[in-house]
Number of protein chains: 2
Amino acid sequence: MTGYGQFCPIAKTMEVLDERWTVLIIRELLAGSHHFNELRRGVPKMSPALLSKRLRSLQRAGIVMRLGDGNRVRYELTPGGKELGPVVMALGEWGIRWRTQLGDEDLDPHLLMWDVHRSLDLDAMPDGRTVLRFLFPDVERTTREWWIVVQGTDVDLCDFDPGHDVSVSAESSLRTMVDIWRGELAWQPALRSGDLTLQGPQAVRRALPHWLKLSAFAHVPRREPEPVG
Amino acid sequence: MTGYGQFCPIAKTMEVLDERWTVLIIRELLAGSHHFNELRRGVPKMSPALLSKRLRSLQRAGIVMRLGDGNRVRYELTPGGKELGPVVMALGEWGIRWRTQLGDEDLDPHLLMWDVHRSLDLDAMPDGRTVLRFLFPDVERTTREWWIVVQGTDVDLCDFDPGHDVSVSAESSLRTMVDIWRGELAWQPALRSGDLTLQGPQAVRRALPHWLKLSAFAHVPRREPEPVG
DNA sequence: CAGTATCCATTTCGATACTG
DNA sequence: CAGTATCGAAATGGATACTG
């Protein structure tokens, strides 16, 4: 059986949303991904076969539309799908308050860089080309080093050296950068403690924290930590 | 694998909530069920083994506490669990707007009567004993006829005749009563069309709609129906 | 780019019956 | 009241490779 056999609206919603990965695909669509391979980068651990299957489920459920777009395919949220925005935000707000323990396996550099690259504040960045480089020395070779090339409204994420001059380079453990992204660690303390180091002209080092906009949940009020001792 | 391998707070939330039935158990706890067999009545199509398993998952996730209560067992939401209240409401609000097609298999009389019996407005009801009777002629014999016996703050739901005088009796198809419960059909039109008939003294027939408080989602604004033709 | 195809180990879960 | 025990059918979905 796939449904719950209940008329309860919560049950009817969960019939759609309780399928594994489904909510994360909706999150990606809300975040502005529209093409299959964009969606894949937001759920890098999902197989393409399964993504394809879920997209079909979401179409049947009236949440996603599949449109032609030139000779490409474009996925869009329907009005009903867009109305899941506040629901998905509520899920994330709860998560950042109550699901704070991240295992090492949760620290996916692909997703981090995908998130960072798409939420840069382009208006705050200078004209011409800017290249950000990120180095996570504690991560395996193939995902250790990343570049984001910004030019106008073009933002490219590379896991190989694109060959341009680097404007500013950031080095930290992967966990430190995730903590910063999630709003659990501020730039200044990270820099002062040495967990994060920046290289580049001082003006650019100073500007970087204004260019990276952090997670949509970074500013959610946190609960008091448990009293210790 | 059970997790998503993502630091995203939405993903971390869904790791807990995407397990089948889990959100419905949280709904029941939010609605005020605390004992195993109360919870069962709110998820009547779930096997007790699976309910037991889910309750253990929810404890591990820090959402539910299992407490002794005399020689009974009592399940309570933790503070984190209680904070899922708005999240679950958001899920239901979306559902009542966008998941409006109910199959016959969604019309579970057990759940309907369980819902109705626990949301009576006791303050609006008279002192002494009141007995409500519901009859769904289109439903199979064993779940066709229900009685709710109210006495003070005691509310008992029976699927057999408790033997008291009936104060007011309601007869309708199961779907009609579900539609009323969900706020899709108002009492007056249902009575006028004959989909619903009441028997009993006029004062009590008039009072009944004030005694039944309807679903928590009955008053959610609905979207415009699709234009037809 | 946008998916399919295939395979199979693993998990899930519904049904039913039973227990202290 | 509050669960366990057991079983088998069905589905899930991860890995990998391939396609127009």
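We name chains A, B, ... by the order of the sequence lines, and we start the count at 1 in each one.
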Rounded to whole Å, please give me the gap between [atom1] in [X] and [atom2] in [N].
X        : N      : atom1 : atom2 : value
B:Met46  : D:dG3  : CE    : C1'   : 13 Å
B:Ile25  : C:dC13 : CD1   : C1'   : 13 Å
A:Leu58  : C:dG3  : CG    : P     : 13 Å
A:Lys45  : D:dT16 : NZ    : C1'   : 18 Å
B:Phe36  : C:dT19 : CZ    : C1'   : 13 Å
B:Leu51  : D:dA2  : CG    : P     : 11 Å
A:Glu105 : D:dG14 : CD    : P     : 15 Å
A:Arg54  : D:dA11 : CZ    : P     : 14 Å

Output yes when at least one side-chain N/O atom of [X] is less than 4.0 Å from OP1 or OP2 of [N], else no.
X       : N      : answer
A:Lys53 : D:dT12 : yes
B:Ser52 : D:dA2  : no
B:Arg20 : C:dG14 : yes
A:Arg40 : C:dC1  : no
B:Tyr4  : D:dG14 : no
B:His35 : D:dA2  : yes
B:Tyr75 : D:dG3  : yes

Give every pair of a protein N or O atom and an N or O atom of nucleotides 6-9 of chain D that lie under 3.5 Å apart, one pair per line with the distance.
none

Name each donor-acceptor pair under 3.5 Å that joins a side chain in residues 129-136 of chain A to protein atoms two or more places apart or in another chain, with its distance.
unit_1   : atom_1 : unit_2   : atom_2 : d
A:Arg129 : NH1    : A:His164 : ND1    : 3.4
A:Arg129 : NH2    : A:His164 : ND1    : 3.4
A:Arg133 : NE     : A:Glu145 : OE2    : 2.8
A:Arg133 : NH1    : A:Ser169 : OG     : 2.4
A:Arg133 : NH2    : A:Glu145 : OE2    : 3.0

Taking C-beta and beyond as the side chain, do A:Met89 and A:Phe217 meet within less than 4.5 Å on heavy atoms?
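Answer yes - side chains close enough.
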
Validation row: B:Gln6, A:Pro44 side chains within 4.5 angstrom (heavy atoms):
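A side-chain contact under 4.5 Å exists here.
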
Watson-Crick and G-U pairing of DNA chain C written in dot-bracket, each distance under 3.5 angstrom, with | for inter-strand partners:
||||||||||||||||||||

More than 12 heavy atoms of other residues, nucleotides or ligands under 6.0 Å from CD of A:Glu140: yes or no?
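Yes, the 6.0 Å shell around CD holds more than 12 heavy atoms from other groups.
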
Other residues, nucleotides and ligands only: do more than 12 of their heavy atoms fall within 6.0 Å of CG on A:Asp165?
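Not more than 12 within 6.0 Å, no.
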
Taking salt bridge (charged side-chain N to carboxylate O under 4.0 Å, His left out) as the test, write out the residues that go with B:Glu93, two or more places apart.
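With neighbours one apart ignored, the set is empty.
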
Among residues at least two apart in sequence or on other chains, which ones pass salt bridge (charged side-chain N to carboxylate O under 4.0 Å, His left out) with A:Asp104?
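A:Arg175.
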
By nearest atom, which of the nucleotides [options] is closest to the [X] side chain?
X       : options               : value
B:Arg66 : D:dG14, D:dA2, D:dT4  : D:dA2
B:Arg56 : D:dT4, D:dA15, D:dG13 : D:dT4
A:Leu50 : D:dG3, D:dG14, C:dT12 : D:dG14
B:Arg72 : D:dG13, D:dA17, D:dC1 : D:dC1
B:Val73 : C:dC1, D:dA2, C:dG3   : D:dA2

Side chain of B:Arg54, backbone of B:Arg20: donor and acceptor closer than 3.5 Å?
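Such a contact is found between B:Arg54 side chain and B:Arg20 backbone.
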
For B:Leu112, does its backbone N or O pair with a side-chain atom of B:Asp115 as donor and acceptor, under 3.5 Å?
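Looks like no, no N/O pair under 3.5 Å.
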
Heavy atoms under 4.0 Å, any strand shown: does A:Arg74 hit a base, just sugar-phosphate, or nothing?
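Touches nothing.
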
Option among A:Leu24, A:Leu29, A:Ile25, A:Leu30 that satisfies the side-chain contact (heavy atoms from CB on, under 4.5 Å) test with A:Arg27
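Among A:Leu24, A:Leu29, A:Ile25, A:Leu30, the one that satisfies the side-chain contact (heavy atoms from CB on, under 4.5 Å) with A:Arg27 is A:Leu24.
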
Compile the donor-acceptor pairs under 3.5 Å between side chains in residues 75-86 of chain A and protein atoms, sequence neighbours left out, one pair per line.
unit_1  : atom_1 : unit_2  : atom_2 : d
A:Tyr75 : OH     : A:Arg66 : NE     : 3.4
A:Glu76 : OE2    : A:Arg74 : NE     : 2.8
A:Glu76 : OE2    : A:Arg74 : NH2    : 3.2
A:Thr78 : OG1    : A:Gly62 : O      : 2.6
A:Thr78 : OG1    : A:Ile63 : O      : 3.3
A:Thr78 : OG1    : A:Gly80 : N      : 3.4
A:Thr78 : OG1    : A:Gly81 : N      : 3.1
A:Glu83 : OE1    : B:Arg97 : NE     : 2.7
A:Glu83 : OE1    : B:Arg97 : NH2    : 3.4
A:Glu83 : OE1    : B:Trp98 : NE1    : 2.7
A:Glu83 : OE2    : B:Arg97 : NH2    : 2.8

